[in-house]
Amino acid sequence: MLPVINHPWNVKTSDARDIQSRLRQQVILTPLSDSIYTIAAVDVSYTRWDKIGYAVLGIFSVINDNGNEAFTIKEELIKTRIDSVNFPYIPGYFSFREIPILLPLFETISTKIDVIIVDGQGIAHPRGLGLASHLGLIFDIPSIGCAKSKLIGEYSEPGMHKGDYSDLHIKNRIVGTVLRSKEKCRPLFVSPGYKCTIEDARKMILKLCTKYRLCEPIRRVDEISKTLRKSYQNK
DNA sequence: GCGACAG
DNA sequence: ATCTTGTCGC
């Protein structure tokens, strides 16, 4: 699987800013396909001083129950350890930290992916190019950002029931959804990454939220990456 | 200058 | 993100 976009990663934030502003023009928000069968999720866990990262790519083959819940019938996990994490975490430049870590994972697979779920923002970003958008654009694969907290934007608190939501907007532009994925839990910040609409992103994430606040694909890769880190620290 | 600030 | 036990609320 070859990236359709190529640019340097180890750059100053001022250059990263220019790259983001340029690439955002290529982010298109077309409807997601009706037949989503293969869902990927990615996550990275770090050791205490950021030196080592454990990256996981999970590929989940799902089957829909009349469009309500998605059940995983097969999962494929790809894991990597990164011994030197270069780019620091800077809000707004998250993709320049994580994408270089995630790229090797995608090079090993041949499975066709229908959509990538990312724990981070899609277009709900100061320059319209959060990690999910950047990753989707690079591979030309539809993607969705599903963050646990807000990076930018204004919203009113959504209702307290599962599935309730409100718009996340920047100025007068709607960029995502604040979604109550579980009763009495803090909402998720869902925004389309690439080749996905705001509505399709919300519906897909809600469908993948079964018992917990986080959607199942993210929960799963989160669990795996943390387990990898802990097994390292116990040596 | 001050506050906000994905993971 | 990571460190870290108990504790309060549903």
Side-chain angles (χ1 to χ4, degrees), chain A residues 9 13 16-17 20 23-24 27 41-58 80-103 105 116-137 143-155 159-162 168-171 175-194 198 201 205 211-215 217-234:
Chain A
W9 294 104
T13 55
R17 189 186 181 92
Q20 290 174 334
L23 291 187
R24 76 174 300 174
V27 173
V42 290
D43 187 58
V44 184
S45 291
Y46 300 91
T47 51
R48 190 189 305 211
W49 302 111
D50 271 13
K51 286 306 157 204
I52 298 174
Y54 292 89
V56 175
L57 164 62
T80 300
R81 171 178 154 173
I82 285 76
D83 289 296
S84 62
V85 180
N86 291 314
F87 209 90
Y89 169 70
I90 303 169
Y93 301 94
F94 191 40
S95 62
F96 284 82
R97 173 179 173 82
E98 295 232 327
I99 292 187
I101 294 173
L102 297 173
L103 281 180
L105 299 174
I116 307 173
I117 314 280
V118 175
D119 61 346
Q121 310 292 346
I123 62 170
H125 177 277
R127 287 162 298 283
L129 198 88
L131 172 60
S133 297
H134 204 158
L135 198 61
L137 178 60
S143 63
I144 297 172
C146 183
K148 296 183 289 296
S149 62
K150 188 192 79 171
L151 172 61
I152 192 175
E154 306 84 45
Y155 66 98
M160 291 305 284
H161 296 303
K162 179 174 181 175
L168 177 66
H169 54 93
I170 299 175
K171 299 295 178 74
V175 294
T177 304
V178 185
L179 174 66
R180 192 78 63 186
S181 56
K182 183 182 190 299
E183 314 267 330
K184 298 160 191 170
C185 282
R186 289 154 49 219
L188 296 176
F189 294 78
V190 179
S191 58
Y194 177 72
I198 291 174
I205 294 300
K211 292 179 63 177
Y212 305 96
R213 175 182 178 239
L214 296 184
C215 63
I218 292 289
R219 281 191 85 244
R220 183 70 177 130
V221 292
D222 204 63
E223 177 201 333
I224 301 294
S225 64
K226 284 182 169 62
T227 301
L228 283 175
R229 174 176 55 76
K230 285 170 184 167
S231 69
Y232 168 79
Q233 289 176 328
N234 291 334

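Just the heavy atoms: all of them, side chains too, but no hydrogens, waters or symmetry mates, feed the values below. In what follows, chains carry the letters A, B, and so on, assigned in the order in which the sequence lines appear, proteins first and then strands, with residues in each chain numbered from 1.
Applying the salt bridge (charged side-chain N to carboxylate O under 4.0 Å, His left out) definition to pairs two or more places apart or across chains, none involves residues 125-136 of chain A. Within the structure, salt bridge (charged side-chain N to carboxylate O under 4.0 Å, His left out) pairs that include any residue of residues 217-228 of chain A comprise A/E75-A/R220, A/E216-A/R219, A/R220-A/E223, A/D222-A/K226 (at least two apart or interchain).
Without hydrogens or angle criteria, A/R229 side chain to A/G53 main chain gives no donor-acceptor distance under 3.5 Å. For A/R97 (side chain) and A/F87 (main-chain N/O), a donor-acceptor pair under 3.5 Å exists by modelled atom type.
The side chain to side chain contact (heavy atoms under 4.5 Å, CB included) search around A/I170 returns A/I152, A/V175, not counting sequence neighbours. A search for salt bridge (charged side-chain N to carboxylate O under 4.0 Å, His left out) contacts involving A/R81 returns A/D83, not counting sequence neighbours. For A/F189, the ring pair (Phe, Tyr, Trp, His ring centres under 6.0 Å) partners at least two apart in sequence or on another chain are A/Y155. For A/N86, the side chain to side chain contact (heavy atoms under 4.5 Å, CB included) criterion is met by A/S84, not counting sequence neighbours. Scanning for ring pair (Phe, Tyr, Trp, His ring centres under 6.0 Å) contacts around A/Y212 gives an empty result, with sequence neighbours left out. Residues passing the ring pair (Phe, Tyr, Trp, His ring centres under 6.0 Å) test with A/H134, sequence neighbours excluded: A/H7, A/W9, A/F96.
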TODO: Fill in the dot-bracket string of DNA chain C, one character per base: . for unpaired, | for a pair to another strand, ( ) or [ ] for pairs within the strand, taking Watson-Crick or G-U pairs under 3.5 Å.
DONE: ..........
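For A/S45 and C/dT2, the shortest distance from a side-chain N or O to OP1 or OP2 is below 4.0 Å. One finds a side-chain N or O of A/K148 lying less than 4.0 angstrom from the OP1 or OP2 phosphate oxygen of C/dA1.
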TODO: Using a 4.0 Å cut-off on protein heavy atoms (strictly under), produce a 5'-to-3' string for nucleotides 4-10 of chain C with B for base contact, S for backbone-only sugar-phosphate contact, and - for none.
DONE: ------S
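Paired runs in DNA chain B never reach 3 or more consecutive Watson-Crick or G-U pairs with both distances under 3.5 Å.
For DNA chain B, the contact window with chain A, defined by any atom under 4.0 Å from a protein heavy atom, covers B/dC5 to B/dG7 in 5' to 3' order.
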